[in-house]
Amino acid sequence: MDAINTIGPVGFVRPTWCEIDLSAIDHNIAQIRSLTGDAVQVYVCMKGDASGCGAVPVALRAGKAGASGLTFGNIDVAISCREAGSTLPILLYPGCLPEQAPILERYDLQPTISTLEDVKAWSARVGTRLSVFIKIDSGGFRAGAFPHQVAEVARAVVDSGNLHLAGVYGHALSAYGGAVAGFVDQQIANFVTGIEALQEAGIAVPLRMCSSSELLLSHPGADFNAVDPGRLVAGIGFKAVPERIRAWRPALVGLKSRLVMVKSLDRHDGVAAPPFFVLRPGMRLGLVPFGWGDGHPRHLSPDAHVLIRGRKAPLLGPVHSELLRIDLTDIPDAQLGDEVVFIGRSGRYELTVDDLAAQWREPAHDVYWRIGKTVHRVYVS
Ligand SMILES: *Cc1c(COP(=O)(O)O)cnc(C)c1O
């Protein structure tokens, strides 16, 4: 174990890692609570391995930070959080099957119901009792009952005898078609129509939830009595109305590796430079173990660079599956084993998530999701 620890920074061998600051999760949940007030429950959406921050550590931390519940797209990830000790209520977005009901009962996971067929199929497989959420399709044409159908589906849940209605939720899609005037407002209005239909039918619905990160910041009227932001909890901000502007702290604070080879290209006697390579006089080449197989984009932008010894070093294409070239010519003291910074500080320079996103020609939230499972997550404070 000691030998391993001396190779990587904290007990793994491949010297490529992300640094996640879990105190950012505390901060961001506290900010969300200060915006919505105590009457509103905060379910943290854990999709994408908690936006790339690692589902288990984020689930446990969110519990301590006062989250009311968790939501998952992937049931396997939800189970891993339960097994790691998370006791928060868990809602599963669509992604599992009624025949798996005994597993959901064992792990206390609440599935999504959209249709009368769902109610029948789940009820037939449930042993004693299972809490469920009904989703309202407010105009995304994805999962959920349309507003005029929701009372009928909810009535079937209540009458089933073994399903308990824990709440209803919706998801006003803003990323697709958000530019169309009124699209988001229309979806919120449709969600309200569904809730009113439930009220008229006299069906009690403990939780009513439709705000993801973007809605939480842009539509304060849509808090109802629960919200389910994901990316915001990881510190990825979105456009906010003035009363919802807050400082969000990114949980992803580092993406780093180390030079695993350094060589001079001066004496390549008789070996021609490859067609993709522009050889400079006195050129020194470095290699870093990070590539497209780890989430780096396949194409390198002309401004792509890293930090080494407090200086900027250009990356050289092509990008390989698990290796990148670095032009070390202007950093003559660079050595085998030196730290290579994609996100983080080096001397007087710093690269932020936004800087890397700009180099990658990606929105910042995609950087979080892109960095693959092959890259170790290290938790720092
Ligand atoms: C993904 C998702 C969320 C969270 O979205 P963010 O943009 O990460 O806040 C909330 N609700 C549903 C139904 C989702 O699918």
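If you read the sequence from its start, that first residue is 1, and numbering goes on from there. Each ligand, and each atom within it, is numbered from 1 in the order the structure gives.
In this structure, Phe146 has its ring center closer than 6.0 angstrom to the ring center of Phe141. If you look at His27 and Trp248, their ring centroids are not closer than 6.0 Å.
Pairing each heavy atom of Asp266 with each of Pro281, the nearest pair is OD1-C, 4.4 Å.
The environment of NE2 in His299 is sparse: at most 12 heavy-atom neighbours from other residues, nucleotides or ligands sit within 6.0 Å.
In terms of protein heavy-atom proximity, atom 7 (O) of ligand 1 is nearest to Arg231 NH2, 2.9 Å. Atom 9 (O) of ligand 1 has Ser213 OG, 2.4 Å as its closest protein atom, hydrogens excluded (heavy atom only). Regarding atom 15 (O) of ligand 1, its nearest protein heavy-atom neighbour is Lys47 NZ, 2.6 Å.
Between the side chain of Asn225 and the backbone N or O of Pro206, at least one donor-acceptor pair lies under 3.5 Å. Side chain of Ser68 to main chain of Gln41: no donor-acceptor pair is present (N/O by atom type, distance under 3.5 Å, no hydrogens or angles).
For ligand 1, one of its N or O atoms has an N or O atom of Tyr93 under 3.5 Å away. At least one N or O atom of Gly230 sits closer than 3.5 Å to an N or O atom of ligand 1. Of the polar atoms of Ser212, none of the N or O atoms is found under 3.5 Å from an N or O of ligand 1, judged by distance alone.
A salt bridge links Glu350 with Arg345; the closest basic N to acidic carboxylate O contact falls under 4.0 Å. One finds no salt bridge joining Arg258 and Asp338 here, because no Lys/Arg side-chain nitrogen approaches an Asp/Glu carboxylate oxygen to under 4.0 Å.
Close approach to Tyr169 involves these atoms of ligand 1, each under 4.0 Å from a residue heavy atom: 13 (C). For ligand 1, the atoms sitting less than 4.0 Å from at least one non-hydrogen atom of Cys45 are 1 (C), 2 (C), 3 (C), 4 (C), numbered in the order shown with element in parentheses. Contact atoms of ligand 1 toward Pro229: 9 (O) (distance under 4.0 Å to a heavy atom of the residue). Against a heavy-atom cut-off of under 4.0 Å, Asp228 is close to the following atoms of ligand 1: 3 (C), 4 (C), 10 (C), 11 (N), 12 (C).
Contacts with ligand 1 closer than 4.0 Å are made by side-chain heavy atoms of His171 only, the backbone lying farther away.
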